[in-house]
Amino acid sequence: MHTLAEGLRLPTNGLDYAILAIYFVVVLGIGFMARASVRTSLDFFLSGRSLPAWVTGLAFVAANLGATEILGMAATGAQYGVAVVHWYWIGAIPAMVFLGLVMMPFYYRSKVRSVPEFLLQRFDRSAHLLSSALFAFAAILIAGVNLYALSIVVEALLGWPQWVAIVVAGLFVLVYITIGGLSSAIYNEVLQFFVILAALIPLTVLGLKRVGGWDAMSDSLTKQHGGDFMTAWGGTGIGDPNPLGANWLTIILGLGFVLSFGYWTTNFAEVQRALSAKNLSAAKRTPLIAAFPKIFIVFAVMIPGLVAAVIVPKIGTPGSDLTYNDAIPLLMQELLPNGVLGIAVTGLLAAFMAGMAANVSSFNTVFTTDIWQRYVVKDRPDTYYLRFGRLITAIGVLASIGTAFIAASFSNIMSYLQTLFSFFNVPMFVVFIIGMFWKRASMKSGVWGLVAGTAAAMINYFWIYKGGIIDIPSDQGANFVSAIVGFVAGAVVMVVVTLFTAPKPEAELAGLVYGTESPSPDEELEEADRAWYRKPALLGWGAIVLAAACYIPYSF
């Protein structure tokens, strides 16, 4: 298991600890204030569907600002260079816009509390149960990644053994989610969004200053790694070598379509934030509002990784005691004065708690409403499920503590996360998207599509890639290929099974298949929601145009 490199202890003092203590008091205070609004299970799991779009939008992007964003993307920048922008401008923005404009109406109108519950309405109980189990398992694994990343910072800050840092950090997150439910997690995520930016911006600015600016950093990394390291598309021709180990086709199909849409449209840790919005218009705007800061956050996580690769040229190589995951703690130690260091540490802890809280809160919702309430203990009073939701939250955190040690065995946690997404999110996406656009897709095709997609992605990764049957240059390249294989296998099996099994009665498909929705009067927009800046379509196109404009400097 990877432990923090010797000498990477952060030089904190009393001022830094004071800033950290104030933050923790505020987080717990928000949890206790949110508790007053938790009276039903709907309040606990979906905040009573009462939150405004700006709150859910910031929570949406903050929920993703966990280990994936901070340690993982900085590690990816140090390992693969400027190609990290693909995860944002190709691998996030289009899918977030699609979620807001196309998929949120299906989620919100059907009054579902989770993504698997939607599959129950569109397909059958077997698809629902399998998707619930797969999602719950994946949520715990991903929460473990965030918890492991959090332990790296605690270890650097306090010098605690890693297992102690993992346990203490997990228990703290448990307290504020159990107290206030999703409202506590969401309002803390809004706070955490601004704290995270306060941590990353000084690290980015001081990092660039340390290496002599962008041009000097670019020259240095080009000499070390070749010209393609500092371009987004350099060397991505089919058959050409490049740092990422993927060509333009696997980047666009594997990352830009399958992995991206699979994550952003079916990952309930994200969708849950939009479902907690006060009305359909606010739910549609949630991912679109989040798309705008997402466009620019890439600079705050990519540049520190590039700077770390200049300061420690051998980072992540067998001859170095630093892994790619150490890029952010390294820069914090090297660059930040006390006070600012306290803000940075607080921001990182906020990021990892946001990511873990998002996955744990989605896990407790899916396990309670989709598995326990539907198949194990039925027809109990609502107070029973509220109590059980708090209990399963504790169990989920304890399980995450165990899976954190799995994440600790990977030198780049981003690669690990993408592997998990190809196994679990991609099959759910192919079943969802075919069911949503193809009325004929039969009830039984859903479960078999899930089985085929998951099995094919795992076989490609563990047998074909790890077994050396096909040479794929990197873990990330293998993840893109696994995602494509899983999507194609799931789609083919769904079509074949549909040809031999009965479709769902057409009367039961209203609002579940594209073109069959029938809006109800209570979904009419308030007059305030008619303003041009509140229209989801304009927000969506604005995000895409802005992301495309950002890409121009990286395309050559």
Side-chain angles (χ1 to χ4, degrees), residues 41-42 44-46 49 63 99 103-143 182 261-276 283 358-378 385 388-389 392-393 395-396 399 420-436 441-455 457 486-487 490 493-494 504 508-509 511-513:
S41 62
L42 183 66
F44 187 76
F45 295 123
L46 286 179
R49 290 195 163 183
L99 171 64
M103 295 184 71
M104 279 316 303
F106 290 86
Y107 281 135
Y108 200 87
R109 285 194 182 107
S110 59
K111 301 295 183 184
V112 297
R113 290 167 293 182
S114 68
V115 176
E117 190 174 347
F118 184 91
L119 295 183
L120 171 65
Q121 295 187 15
R122 175 59 184 88
F123 294 101
D124 61 7
R125 288 165 62 93
S126 55
H128 172 253
L129 182 59
L130 179 59
S131 63
S132 299
L134 289 174
F135 181 85
F137 184 59
I140 291 301
L141 288 172
I142 296 168
L182 183 63
F261 279 69
Y263 174 80
W264 289 102
T265 63
T266 67
N267 183 4
F268 192 55
E270 303 294 335
V271 175
Q272 189 182 30
R273 272 81 194 133
L275 287 177
S276 65
N359 283 282
V360 170
S361 59
S362 61
F363 164 78
N364 67 27
T365 302
V366 168
F367 194 92
T368 303
T369 63
D370 290 286
I371 297 177
W372 194 261
Q373 183 175 359
R374 192 170 294 275
Y375 298 105
V376 184
V377 179
K378 306 177 183 179
Y385 297 110
F388 183 82
I392 201 64
T393 300
I395 294 172
L420 296 179
F421 295 153
S422 69
F423 292 169
F424 299 110
N425 290 85
V426 168
M428 205 173 298
F429 170 63
V430 67
V431 171
F432 195 112
I433 204 72
I434 289 179
M436 191 174 78
S442 70
M443 292 187 290
K444 291 299 178 186
S445 68
V447 66
W448 290 110
L450 285 171
V451 171
T454 303
F487 184 90
V493 167
M494 285 190 72
K504 199 175 186 75
E508 298 178 18
L509 295 178
L512 299 176
V513 177

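One is the number of the first residue; the rest follow in order along the sequence. Fair warning: this is a prediction, and the values are worked out from it, not measured in the lab.
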Quiz prompt | Nearest heavy-atom neighbours spanning L450 and V431 | solution = N-CG2, 3.6 Å
Quiz prompt | Parallel, tilted or perpendicular, as decided by the 30° and 60° cut-offs, for the rings of H128 and Y375 | solution = tilted
Quiz prompt | Interatomic distance, M428 atom CE to F118 atom CZ [nearest 0.5 angstrom] | solution = 13.0 Å
Quiz item: Are the side chains of Y385 and T369 in touch, meaning some heavy atoms are under 4.5 Å apart?
Solution: no
Exercise. Mind listing the closest non-hydrogen atom pair of G486 and V426 along with its distance?
Key: C-CG1, 4.3 Å
Quiz item: Aromatic rings F367 and F388: how do their planes relate, parallel, tilted or perpendicular, breaks at 30° and 60°?
Solution: parallel
Quiz item: Do F123 and V447 touch side chain to side chain, with heavy atoms closer than 4.5 Å?
Solution: no
Quiz item: What is the distance from atom OG of S126 to atom NZ of K444, rounded to the nearest 0.5 Å?
Solution: 4.0 Å
Practice problem: Give the minimum heavy-atom separation between A274 and A283, together with the two atoms involved. | Solution: O-CB, 3.5 Å
Quiz prompt | Side chain proximity check, R125 to L120, heavy atoms < 4.5 angstrom | solution = yes
Quiz prompt | Rounded distance (nearest 0.5 Å) linking atom CG of L130 with atom CH2 of W448 | solution = 10.0 Å
Quiz item: Relative to each other, are the rings of F261 and F429 parallel, tilted or perpendicular (30° and 60° limits)?
Solution: tilted
Quiz item: Checking K504 side chain against Q121 main chain: does a donor-acceptor pair fall under 3.5 Å?
Solution: yes
Quiz item: Distance from L141 atom CG to F423 atom CZ, nearest 0.5 Å?
Solution: 10.5 Å
Quiz item: Can you tell me how far the CE atom of M104 sits from the CG atom of L99, to the nearest 0.5 Å?
Solution: 6.0 Å
Exercise. Measure from the side-chain N and O atoms of D124 to the backbone N and O of A127, and report whether any donor-acceptor pair falls under 3.5 Å.
Key: yes
Quiz prompt | Closest non-hydrogen atom pair, D370 against S132 | solution = CB-OG, 3.3 Å
Quiz item: Can you tell me how far CE of M443 sits from CD of E508, rounded to the nearest 0.5 angstrom?
Solution: 7.5 Å
Practice problem: For V493 and G449, work out which heavy atoms get closest and say how close. | Solution: CG1-N, 4.3 Å
Practice problem: Kindly give the heavy-atom pair with the smallest separation between A441 and G435, and that separation in Å. | Solution: CB-CA, 4.4 Å
